[in-house]
Visitor: 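If you scroll down you'll find the structure; I have some questions about it.
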Amino acid sequence: MIGRLNHVAIAVNNLDAAIATYRDLLGATVSDRLAQPDHGVTVVFIELPNTKIELLEALGHSSPIAKFLERNPDGGIHHICYEVADVIAARDQLIQGGARVLGDGTPRIGAHGKPVIFLHPKDFNGTLVELEQV
Ligand code: CO
């Protein structure tokens, strides 16, 4: 069902500092900032030859990453994203198999303009998993 690793997302408290680390220290190309008020985050993407890194900063008062950043003040890996051909088919198959989909299970439009769902970390070895239809 799952295909390529689309990205690894890292939540950060200070996006400017994280951008500087990736751009200046690691020599990576960093995208422009993209505010996603619907998701409560501001993101940038770092394009690597084989995948992407997504840096997430909280946006607004009820950001879904606020609690995570309270527990991880230095930032940390927040989720990983796998590609799927059909997010609805994947969702239905996963629910059938006993996995939990976050929210009401309706795909939302993610940072790449593609439908995404998130899967409960307790069902995936303590890792929040995003599935993106490509
Ligand atoms: Co993501």
Side-chain angles (χ1 to χ4, degrees):
M1 176 200 300
I2 60 170
R4 286 159 32 107
L5 174 67
N6 186 276
H7 61 270
V8 175
I10 300 174
V12 302
N13 265 310
N14 184 332
L15 191 53
D16 286 330
I19 289 169
T21 298
Y22 272 85
R23 189 189 52 212
D24 303 335
L25 196 58
L26 294 172
T29 303
V30 182
S31 75
D32 289 335
R33 288 159 169 271
L34 176 64
Q36 292 195 286
D38 290 356
H39 292 265
V41 291
T42 301
V43 307
V44 298
F45 284 98
I46 294 146
E47 295 277 350
L48 302 179
N50 62 340
T51 190
K52 294 186 278 287
I53 304 296
E54 177 182 74
L55 300 178
L56 303 169
E57 184 182 60
L59 174 64
H61 294 299
S62 55
S63 173
I65 66 168
K67 267 215 176 78
F68 179 90
L69 284 168
E70 258 170 49
R71 290 197 304 272
N72 301 278
D74 297 325
I77 293 179
H78 183 262
H79 65 266
I80 57 177
C81 177
Y82 300 122
E83 297 180 355
V84 293
D86 181 337
V87 77
I88 298 283
R91 177 198 67 189
D92 293 348
Q93 191 178 329
L94 285 159
I95 291 171
Q96 187 90 19
R100 287 166 284 183
V101 177
L102 298 191
D104 67 3
T106 307
R108 303 173 67 188
I109 298 302
H112 306 110
K114 309 266 180 64
V116 302
I117 59 170
F118 284 90
L119 306 174
H120 201 296
K122 287 204 166 130
D123 297 332
F124 295 93
N125 311 103
T127 304
L128 178 60
V129 173
E130 177 180 18
L131 297 181
E132 180 175 304
Q133 181 171 303
V134 293

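Ligands are counted one by one from 1 in listed order, and the atoms in each one are counted from 1 as well. Side-chain atoms are counted along with the backbone in the values below, which use heavy atoms only and exclude waters and symmetry mates.
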Visitor: How long is the gap from CD1 on I46 to OG1 on T51, to the nearest 0.5 Å?
Guide: 11.0 Å
Visitor: Go through the structure and list residues passing ring pair (Phe, Tyr, Trp, His ring centres under 6.0 Å) with Y82, not counting sequence neighbours.
Guide: none
Visitor: Determine whether L34 and V44 make a side-chain contact, defined as any pair of heavy atoms from C-beta on separated by less than 4.5 Å.
Guide: no
Visitor: Sort by chain and number the protein N/O/S atoms that are closer than 2.8 Å to the Co ion (ligand 1), and list them.
Guide: H7 NE2, E54 OE1, H79 NE2, E130 OE1
Visitor: Identify every side-chain donor-acceptor pair in residues 126-134 under 3.5 Å, counting partners at least two apart or on other chains, and give the distances.
Guide:
unit_1	atom_1	unit_2	atom_2	d
E130	OE1	H7	NE2	3.0
E130	OE1	H79	NE2	2.9
E132	OE1	H112	ND1	2.8
E132	OE2	H112	ND1	3.3
Q133	OE1	V87	N	2.8

Visitor: Starting from I109 and following side-chain heavy-atom contacts under 4.5 Å between hydrophobic residues (I, L, V, M, F, W, Y), which residues can be reached?
Guide: none
Visitor: Would you check if E47 and T29 make a side-chain contact, meaning some heavy-atom pair closer than 4.5 Å?
Guide: no
